[in-house]
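Working notes, beginning with the structure itself.
Everything numeric in this text was worked out from a predicted model, so none of it was measured.
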Amino acid sequence: MKVVALFFSLMSFFTSCKCNKTATDETLVSSKESTLSLQTSNLPTVVYQETTRGRYRKITISEGSIYVITAHGAKPVFWVLKKDDSQKLFDLFQKIDLEKLSTLKAPTEKRFYDGAPIANISFTTEKQTYASTDFDGGFPPAAIEAFVNELIVVAEKLNN
């Protein structure tokens, strides 16, 4: 009788382990699929920076998080980007011609006499880093204006 009880105990133990393994394998497959779908719509690493004599702001987006630094030497504050914000920034990013980013002309020149902070933006993809020329903070070139303005809105919204 003890042998029969031992046999059934071992059978239930081994079958329950097999069920857990199957569930774990299915979870891994769905996790990999969701990671792949996220990678197709991820932004590259984005760095936006504004500098003037008394003010500094750096906004970085990397791997689904947004980092904001508001003073030289300060530690960054970071949040996970909301899905809606990430998608909106990605849609605006797709409209930017990265090859022409370094040749964009600033619409104003207030930064030359401390009328505006000196700003620039860079995008780092898997292949290359694309950087803009300097422009006035608050007055980006038209080709990147929508993206820069939305980036600032998202950073300020999360900072409050």
Side-chain angles (χ1 to χ4, degrees), residues 21-160:
K21 184 178 180 197
T22 305
T24 305
D25 290 344
E26 290 172 5
T27 305
L28 287 174
V29 169
S30 66
S31 174
K32 287 179 184 178
E33 288 173 355
S34 65
T35 303
L36 289 175
S37 68
L38 285 174
Q39 287 175 350
T40 59
S41 66
N42 272 349
L43 285 166
T45 299
V46 179
V47 178
Y48 174 76
Q49 192 169 324
E50 286 182 347
T51 305
T52 190
R53 290 184 200 194
R55 188 173 148 204
Y56 177 78
R57 176 168 56 177
K58 182 176 183 181
I59 303 169
T60 305
I61 294 180
S62 180
E63 298 178 5
S65 295
I66 185 166
Y67 303 83
V68 179
I69 301 173
T70 56
H72 284 290
K75 292 184 179 181
V77 179
F78 70 94
W79 305 268
V80 174
L81 261 176
K82 295 179 182 174
K83 188 175 182 177
D84 296 340
D85 294 333
S86 180
Q87 187 61 47
K88 189 167 187 178
L89 286 169
F90 182 73
D91 292 342
L92 293 170
F93 166 73
Q94 286 185 316
K95 296 175 183 176
I96 298 173
D97 184 0
L98 294 178
E99 296 296 330
K100 294 181 180 179
L101 188 63
S102 63
T103 62
L104 295 177
K105 177 123 173 77
T108 60
E109 295 181 345
K110 294 180 180 183
R111 66 193 176 281
F112 294 143
Y113 57 86
D114 290 338
I118 300 169
N120 57 47
I121 191 165
S122 67
F123 299 94
T124 303
T125 64
E126 292 177 6
K127 299 176 185 176
Q128 187 174 347
T129 297
Y130 302 90
S132 71
T133 56
D134 290 341
F135 55 89
D136 293 344
F139 304 96
I144 60 172
E145 183 176 16
F147 183 87
V148 170
N149 290 340
E150 185 63 26
L151 178 65
I152 292 170
V153 166
V154 168
E156 288 177 353
K157 177 173 64 173
L158 293 173
N159 201 15
N160 291 330

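- Here Asp136 pairs with Arg111 in a salt bridge; the nearest charged N to carboxylate O distance falls below 4.0 Å.
- Residues Leu101 and Phe123 are in side-chain contact: their nearest non-hydrogen atoms beyond the backbone lie under 4.5 Å apart.
- Here Glu99 pairs with Asp97, Tyr130 under the side chain to side chain contact (heavy atoms under 4.5 Å, CB included) rule; sequence neighbours left out.
- Counting heavy atoms from C-beta outward, Tyr67 and Val77 have side chains that stay 4.5 Å or more apart.
- Using a 4.5 Å cut-off on side-chain heavy atoms (C-beta onward), Ile59 and Leu151 make contact.
- A donor-acceptor pair under 3.5 Å links the side-chain atoms of Asn149 to the main chain of Glu145, judged by distance alone.
- Residues Ser132 and Leu104 form no side-chain contact, since every pair of their non-hydrogen atoms from C-beta on lies 4.5 Å or further apart.
- Among residues at least two apart or in separate chains, salt bridge (Lys or Arg N to Asp or Glu O under 4.0 Å) pairs with a member in residues 112-124 are Arg53-Asp114.
- Between Glu150 and Lys157 there is no salt bridge, since none of the side-chain N atoms of the basic residue sits less than 4.0 Å from a carboxylate O of the acidic one.
- Inter-residue side-chain proximity for Pro44 and Phe93 is flagged as met; some heavy-atom pair is nearer than 4.5 Å.
- Although no hydrogens or angles enter the test, the distance criterion places no donor-acceptor pair under 3.5 Å between the side chain of Thr45 and the main chain of Ser62.
- Listed by first and then second residue, the salt bridge (Lys or Arg N to Asp or Glu O under 4.0 Å) pairs involving residues 116-125 amount to none (not counting sequence neighbours).
- Scanning all heavy atoms of the two residues, the minimum distance from Ile121 to Phe135 falls at N-CE2, 4.2 Å.
- Contact check for Phe78 versus Val80: no side-chain heavy atoms found under the 4.5 Å cut-off.
- A donor-acceptor pair is defined here as one N or O able to donate and one able to accept, closer than 3.5 Å; such a pair exists between the side chain of Thr125 and the backbone of Gln128.
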